[in-house]
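Take a look at the structure below.
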Amino acid sequence: MPISYYLALSAVLFGLGVIGFVFKRNIITIFMSIELMLNAVNLAFIAFGLALGQLQGQVFVFFVIVVAAAEAAVGLAIVIVIARNRQSLNVERINLLKL
Amino acid sequence: MNDTIARSILVVSLVKVVVLLFLVLTAVAYLVWFERKVAAHIQGRWGPYRVGPHGLLQPLADGVKFLLKEDATPAGVDRFLYFSAPLLTMTLAISAIAMIPFGPASIHIFGIATPLVIANISVGLLAIFAITSVGVYGVALGGWSSNSKYSLLGGLRSSAQMISYELSLTLSVVGILLLAGTFNLSELIMRQDGYTWGHLPKWNLLNPTFPQILGFFCYFVAAIAETNRAPFDLAEAESELVAGYHTEYSSFKFAMFFLGEYASMITVACLASILFLGGWLSPFPQTPGLDWTRYLPAGVLAVAGVALIIHGVRYINVFGRIALPVLGVILGALSFLCSQPGVIDDIQGPFWFLAKVLFVLFVYVWVRWTLPRFRYDQLMRFGWKVLFPVALLNVILTSLAVVMRK
Amino acid sequence: MTPQLVIFLVLAAIAIAGAVNVILQRHPIHSAISLISVMIALAGLFLLLESEFIAVVQIIVYAGAIMVLFVFVIMLLNAGAEERTNMSRMARYAGVPLAIFLLIELAYQIGAAALSMTPQPLAEDVTRRLSMLLFQDFVFPFELTSILILIAILGALVLAQRGESVPAKGGPKTIT
């Protein structure tokens with residue numbers, strides 16, 4: 001089975017993640033779209049690793065997962081602070097820095 | 001030819017899945033009976049006594065009751081999640097048991113040798129942890145979707161608790177992984193074969209390099225918290241939260257949560273016996289002096305059978321006077337079967353495995369009916385400030401011991 | 001069709017359907033559930049790609065920890081369904097074309113570069129070799145991630161720490 005199937009799936013998932021990131025208004029869902037993109041990248045890493053017969057791809061995925069965990073912890077803490085201060089999760093209402 | 005072999009392997013696997021599913025569901029039902037009996041005797045009561053002799057048919061009655069009760073769905077629930085949460089809990093809890101190896105030998109069914117495990121995968125231990133970690137959603141979503149504040153609080157508490165204790169649970173087995181160097185459960189057991197000074201088994205609990213006593217403590221406490229049982233059952237603390245996350249569940253949906261809880265209890269007990277107590281390995285070395293221990297399974301069954309017959313003929317009602325001796329005779333026949341030359345070696349593994357699992361389950365029940373419930377802040381403080389550092393200390397000490405050994 | 005292709009197609013269908021559902025659902029908890037199904041389907045695909053360790057880590061860390069955190073926060077904030085607002089001008093005029101462009105670009109690149117690639121067999125005992133790689137060749141980045149996680153924990157603690165608690169007026173509220 002050719003590797004390109006996996007890569008195509010990875011591209012589709014990444015694209016869907018980008019679309020979610022652009023379209024969604026809820027800050028938590030936007031965050032989830034980022035996780036979706038990271039997952040798509042993980043699939044591509046593993047597929048490429050298998051195509052090259054190497055394990056480095058899997059090591060990268062491991063690091064991506066670790067970074068995603070750290071990112072989720074900090075990001076969700078920020079979400080909690082925003083929700084507490086602004087009483088809203090809608091990104092369009094979080095516009096204090098907007099010109 | 002190759003095709004027929006593949007097909008027969010498939011058939012045997014299917015048969016194993018069905019048999020194991022049946023056994024697990026029966027075991028779960030009787031675990032409830034066991035817990036009620038032990039609890040009753042701890043508190044100086046009799047426990048279930050009316051349905052069948054010694055309440056032995058109580059699980060059946062409970063099942064019928066769950067099926068016949070009204071299945072109420074409260075207003076304002078999130079229907080999809082409300083229905084899928086109990087299903088998720090039960091399915092995940094039962095499917096984790098597929099990775100548990102029950103014995104070393106391949107048993108022969110219709111001439112096809114098959115090992116006593118359904119899925120012998122190379123990362124079996126991690127796979128079980130993966131399944132239990134997804135099990136949080138059953139509780140969290142069940143609590144959220146019920147549209148009730150008690151359920152929501154129960155779900156919130158339990159998701160925080162399960163995340164916190166999962167860490168200690170995983171860390172507590174790292175010591176064993178350092179000693180054994182494999183994730184495969186069957187291999188993990190085989191590494192524990194052998195006896196220190198000829199008699200003391202080399203189980204991980206008593207490992208000669210570094211005894212995993214701290215690890216066992218952490219594992220056991222974290223496992224109780226992970227299965228949401230007392231003294232860590234804050235998710236369903238009935239004195240504060242009515243019934244916690246399953247307040248709004250009735251009838252068979254509640255039964256699914258119930259089955260899931262007890263099935264995951266069995267899983268963690270099996271895992272405890274595999275990881276720390278040597279799984280299917282016998283505690284006695286097979287030296288000529290201790291050869292008689294091979295007849296222990298048959299002996300235990302025979303004693304139980306005789307006791308049942310003697311007690312049964314004097315039982316208070318007619319049904320018991322017939323049923324108990326019949327059960328005794330069946331046990332006697334099983335005992336005879338277990339002492340036959342062809343069977344005696346096959347039965348050793350499952351017997352010791354079940355004995356250890358039963359012991360762990362007994363301790364589980366014992367703890368539940370002895371210790372009072374933690375308060376939420378105590379629970380979190382204990383998880384992060386005691387259990388987690390102790391598990392970490394165990395990892396450091398074990399790795400030091402492993403390095404020194406080399 | 002080989003069995004592998006069938007499994008791939010089923011898992012890919014689940015993953016794509018889940019990803020689409022993440023975008024379509026308006027309530028964040030439904031999006032979270034869809035995302036979890038994507039992650040589990042991806043773990044199945046990792047198994048198909050002979051990397052069972054990463055597959056299991058994917059489920060333990062992503063589905064079992066990170067997404068639980070998301071669900072926990074959604075439940076904690078009592079987040080309601082997403083507010084419908086007009087798309088910002090930026091999203092309408094730049095975001096949509098850019099997303100479509102990105103998809104086409106990715107598809108083109110893969111079509112050009114990766115069609116000829118076929119899986120190379122990995123040697124036996126992938127998990128052991130992976131650990132060797134992680135703790136020998138990549139030990140420095142590995143240690144760096146531990147510092148990263150420490151910083152993340154401290155950051156999350158500092159951020160989420162409540163000052164003086166202000167009692168909410170009028171009972172629990174749904175935040176949108």
Side-chain angles (χ1 to χ4, degrees), chain A residues 1-9 11-20 22-26 28-29 31-33 35-36 39 42-43 46-47 49-53 55-56 58-59 61-63 65-74 76-81 83 87-90 92, chain C residues 4-5 8 12 15-16 19-20 22-23 28 31-32 35 38-39 42 45-46 49-51 54 57 61-62 65-66 69-70 73-74 77 79 82-83 85 91 95 99 102-103 106-107 110 114-115 117-120 122 126 129-130 133-134 138 141 145 148-149 152-153 155-156 159-160 175-176:
Chain A
M1 206 172 117
I3 287 297
S4 54
Y5 287 18
Y6 292 99
L7 294 175
L9 176 64
V12 170
L13 289 180
F14 191 87
L16 287 171
V18 172
I19 291 173
V22 175
F23 278 78
K24 295 305 276 187
R25 296 278 72 96
N26 188 314
I28 299 177
T29 326
F31 216 149
M32 283 191 243
S33 305
E35 298 292 337
L36 182 59
N39 265 284
N42 285 353
L43 182 62
I46 289 192
L50 198 68
L52 300 171
L55 285 174
Q56 269 83 347
Q58 299 192 20
V59 174
V61 171
F62 190 81
F63 285 129
I65 290 177
V66 172
V67 172
E71 173 228 352
V74 178
L76 287 172
I78 294 174
V79 168
I80 289 179
V81 173
Q87 295 298 317
S88 173
L89 290 173
N90 190 334
E92 298 200 340
Chain C
Q4 280 194 337
L5 187 61
F8 170 80
I16 292 177
V20 170
V22 170
I23 302 172
S31 296
L35 191 55
V38 175
M39 284 163 175
L42 281 182
L45 288 171
F46 292 171
L49 286 168
E50 301 171 50
S51 40
I54 292 294
V57 167
V61 179
Y62 258 127
I66 296 180
L69 221 55
F70 273 94
V73 167
I74 295 169
L77 296 178
E82 197 176 23
E83 274 181 347
T85 44
L102 185 74
L103 266 179
L106 278 170
I110 287 159
L115 261 181
M117 283 183 178
T118 45
Q120 308 281 317
L122 294 172
V126 174
R129 280 177 50 218
L130 190 63
L133 213 56
L134 206 56
F138 288 92
T145 55
L148 174 75
I149 287 186
I153 293 172
L159 278 172
I175 300 179
T176 53

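Sequence lines set the chain letters: A, B, ... in the order given, protein chains first and strands last, and positions in each chain run from 1.
- Shown here for A:Glu35 and C:Leu35, the closest heavy-atom pair between the two residues is CB-CD2, 4.1 Å.
- C:Glu50 approaches A:Leu50 most closely through the heavy-atom pair OE2-CD1, 4.1 Å.
- Pairing each heavy atom of C:Ile66 with each of A:Ile65, the nearest pair is CD1-O, 4.4 Å.
- Residues C:Thr145 and A:Val66 share a closest heavy-atom pair of CB-CG1, 3.7 Å.
- Listed by chain and number, the residues in a side chain to side chain contact (heavy atoms under 4.5 Å, CB included) with C:Ala65 amount to none (sequence neighbours excluded).
- The nearest pair of heavy atoms linking A:Met32 to C:Pro28 is CE-O, 3.3 Å.
- Remark: A:Phe31 pairs with C:Phe70 by the ring pair (Phe, Tyr, Trp, His ring centres under 6.0 Å) rule, at least two apart or across chains.
- Heavy-atom minimum distance, C:Ala19 versus A:Leu13: CB-CD2, 3.7 Å.
- Under the 4.5 Å side-chain criterion, counting only non-hydrogen atoms from C-beta, A:Asn42 is in contact with C:Tyr62.
- Interface remark: of the candidates A:Val74, A:Asn39, A:Val81, A:Ile80, A:Asn39 forms the most heavy-atom pairs closer than 4.5 Å to chain C.
- For the pair A:Phe62/C:Val61, no side-chain contact is recorded, criterion being any heavy-atom separation below 4.5 Å from C-beta on.
- Using the six-membered ring where Trp is involved, C:Phe8 and A:Tyr6 have ring planes that are perpendicular, over 60° apart on the 30 and 60° scheme.
- Both the backbone and the side chain of C:Leu69 come within contact range of chain A, judged by heavy atoms closer than 4.5 Å.
- C:Leu45 places none of its side-chain heavy atoms less than 4.5 Å from the side chain of A:Ile46.
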